[in-house]
There are 2 protein chains.
Amino acid sequence: MSEGRKLQAYSGESLLFLTDEQLRQGIEAMFFAYRGFTADPDRILSDKGYGRAHHRAIHFINRAPGTTVNNLLSILGVTKQSLNRVLRTLIEDGLVESRVGTADKRERHLFLTDAGADLEGQLSDAQRARMRAAFRNAGPEAVAGFRKVLEAMIEPDLKRTYVRLRDSGQ
Amino acid sequence: MSEGRKLQAYSGESLLFLTDEQLRQGIEAMFFAYRGFTADPDRILSDKGYGRAHHRAIHFINRAPGTTVNNLLSILGVTKQSLNRVLRTLIEDGLVESRVGTADKRERHLFLTDAGADLEGQLSDAQRARMRAAFRNAGPEAVAGFRKVLEAMIEPDLKRTYVRLRDSGQ
DNA sequence: TTGGAATGTCAACAAGGCTGACGTAAGCTC
DNA sequence: GAGCTTACGTCAGCCTTGTTGACATTCCAA
């Protein structure tokens with residue numbers, strides 16, 4: 001009987017899960033965690049005169065070498081003028097290479113140079129280290145939940161892009 | 001026997017959890033999810049000529065009415081000049097009230113006006129709705145894991161601020 | 001009472017978003 | 001081949017939001 005009550009209470013808690021209070025905590029956790037998430041790369045980048053925008057470009061060029069400008073635009077969700085400013089500096093600095101397409105010469109295919117891959121390595125090493133620490137700290141089951149909630153929060157349009165990328169892993 | 005193998009395989013999977021591939025997926029999930037997380041408030045704000053910075057200020061003034069500028073600075077992690085610009089427009093527009101401190105006249109205590117509380121309601125309703133949908137979609141256990149990983153990702157300095165805020169809930 | 005520390009404001013600048021307009025080259029369709 | 005469309009780059013100009021530096025006010029302690 002007492003056991004039954006406990007279970008009922010527990011079950012009640014699960015049903016009460018979506019109180020505004022719980023949601024608010026999730027929102028604030030997301031806010032503060034994202035700061036930590038970007039903190040290490042931001043430090044590395046600012047030393048070199050780059051910003052978060054450069055990181056995003058480098059990350060996704062590394063993930064999908066040979067991607068076109070248009071494709072990158074749809075992943076990043078910015079305007080081409082905005083991306084172009086970033087890409088121009090990365091190309092000038094010799095971190096990214098832009099090759100005219102062979103099948104369709106209007107397209108430019110983007111690749112990291114050795115120097116670009118080197119910076120990418122630094123950035124993702126730092127970011128993975130923090131993610132690894134958080135994962136280890138929280139445990140395997142928590143990680144599965146983490147991913148599940150995050151994936152449910154992605155906008156439907158982007159979800160397709162995300163899944164394609166996710167499932168193209170090595 | 002076959003059951004034993006399955007368990008072993010499963011356990012092996014759990015141990016393999018922290019491959020670079022898994023970490024990369026976590027990183028990208030975080031990136032895309034944060035876009036979704038801010039999308040709804042961003043839409044509401046841009047109609048009114050405000051940005052994400054205004055949202056952050058409004059959110060935390062609502063959470064801790066009477067907070068000082070300095071306190072808000074340490075929560076938001078920006079420079080006071082940056083915050084000041086945002087606060088000035090919110091005060092001019094009658095969404096935030098700034099009262100000179102009684103004990104220490106150097107301090108300004110910040111409050112939402114009725115209009116400010118109204119906007120705050122709109123913003124957090126929208127953000128909670130998305131969070132609620134994601135939570136419901138992912139299930140209670142996933143939510144616990146989500147929170148656990150996020151909390152482990154917060155920078156140590158901010159963690160104290162976060163926990164204080166979290167535990168001050170209604 | 002005076003000098004330093006703390007709090008907040010103002011000015012100026014940079015990064016990185018945005019829109020709009022335009023040019024060029026290449027592909028596609030009739 | 002002519003004309004439309006697509007992909008990309010770029011110029012100009014705007015806004016938000018971050019930065020540093022200089023400054024006024026207030027408090028407090030030597």
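Residue numbers start from 1 in every chain, and the chains themselves are labelled A, B, ... in the order their sequence lines are given, proteins ahead of strands.
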**Q** Please collect all salt bridge (Lys or Arg N to Asp or Glu O under 4.0 Å) contacts where either partner lies in residues 65-90 of chain B, sequence neighbours excluded, each pair once.
**A**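 For residues 65-90 of chain B: none.
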**Q** Could you write nucleotides 4-9 of chain D as a row of B, S and -, 5' to 3', where a protein heavy atom under 4.0 Å of any base atom gives B, of only sugar-phosphate atoms gives S, and otherwise -?
**A** --BSBB
**Q** Within a 6.0 Å radius of atom CG on A:Asp167, are there more than 12 heavy atoms belonging to other residues, nucleotides or ligands?
**A**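 Atom CG in A:Asp167 is crowded, with more than 12 foreign heavy atoms closer than 6.0 Å.
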**Q** How would you list, by chain and number, every residue that makes a side-chain hydrogen bond (donor to acceptor under 3.5 Å, both in side chains) with B:Arg99, sequence neighbours excluded?
**A**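 Residues passing side-chain hydrogen bond (donor to acceptor under 3.5 Å, both in side chains) with B:Arg99: B:Glu97.
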**Q** Looking at residues at least two apart in the chain, or sitting in another chain, which of them share a side-chain contact (heavy atoms from CB on, under 4.5 Å) with B:Thr79?
**A**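 Partners of B:Thr79 under the side-chain contact (heavy atoms from CB on, under 4.5 Å) test: B:Gln81, B:Ser82.
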**Q** If you pin A:Arg56 and A:Thr102 to their nearest nucleotides in DNA chain C, which one's is more 5'?
**A**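 Final value for this comparison: A:Arg56.
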**Q** For A:Ala64, which residues count as a side-chain contact (heavy atoms from CB on, under 4.5 Å) partner, sequence neighbours excluded?
**A**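 Partners of A:Ala64 by the side-chain contact (heavy atoms from CB on, under 4.5 Å) criterion, ordered by chain and then number, come out as A:Thr67.
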**Q** Just list the side-chain donor-acceptor pairs under 3.5 Å for residues 151-158 of chain A, sequence neighbours left out, or say none.
**A**
{"residue": "A:Glu151", "atom": "OE1", "partner": "A:Arg166", "partner atom": "NH1", "Å": "3.2"}
{"residue": "A:Glu151", "atom": "OE2", "partner": "A:Arg147", "partner atom": "NE", "Å": "3.3"}
{"residue": "A:Glu151", "atom": "OE2", "partner": "A:Tyr162", "partner atom": "OH", "Å": "2.6"}
{"residue": "A:Glu151", "atom": "OE2", "partner": "A:Arg166", "partner atom": "NH1", "Å": "3.2"}
{"residue": "A:Glu155", "atom": "OE2", "partner": "B:Arg130", "partner atom": "NH1", "Å": "3.3"}
{"residue": "A:Glu155", "atom": "OE2", "partner": "B:Arg130", "partner atom": "NH2", "Å": "2.5"}

**Q** Shorter than 3.5 Å, N or O on both sides, protein versus nucleotides 14-16 of chain D: list them out with atom names.
**A**
{"residue": "D:dT16", "atom": "OP1", "partner": "B:Gly49", "partner atom": "O", "Å": "3.2"}

**Q** Listed by chain and number, what are the ring pair (Phe, Tyr, Trp, His ring centres under 6.0 Å) partners of A:Tyr50, not counting sequence neighbours?
**A**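 A:Tyr50 satisfies ring pair (Phe, Tyr, Trp, His ring centres under 6.0 Å) with A:His54 once adjacent residues are dropped.
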**Q** Sequence neighbours left out, what pairs pass ring-ring contact (aromatic ring centres under 6.0 Å, His included) with at least one residue falling in residues 74-121 of chain A?
**A**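 Sorted result for residues 74-121 of chain A: empty, none.
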**Q** Does A:Ala133 have any side-chain contact (heavy atoms from CB on, under 4.5 Å) partners at least two apart in sequence or in another chain, and if so, which?
**A**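 Checked A:Ala133 against side-chain contact (heavy atoms from CB on, under 4.5 Å); zero matches.
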**Q** Using heavy atoms to find the nearest nucleotide of DNA chain C for A:Ala103 and A:Val78 separately, return the residue whose nucleotide is more 5′.
**A**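 Looking at DNA chain C, the more 5' nearest nucleotide goes with A:Val78.
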**Q** Return the set of residues passing side-chain contact (heavy atoms from CB on, under 4.5 Å) with A:Arg108 (not counting sequence neighbours), or none when no residue passes.
**A**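 side-chain contact (heavy atoms from CB on, under 4.5 Å) list for A:Arg108, sorted by chain: A:Val69, A:Ser98, A:Val100.
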**Q** If you walk 5' to 3' along DNA chain C, what is the first nucleotide with an atom under 4.0 Å of a heavy atom in chain A, and what is the last?
**A**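 Range of nucleotides within reach of chain A: C:dG16 to C:dG27.
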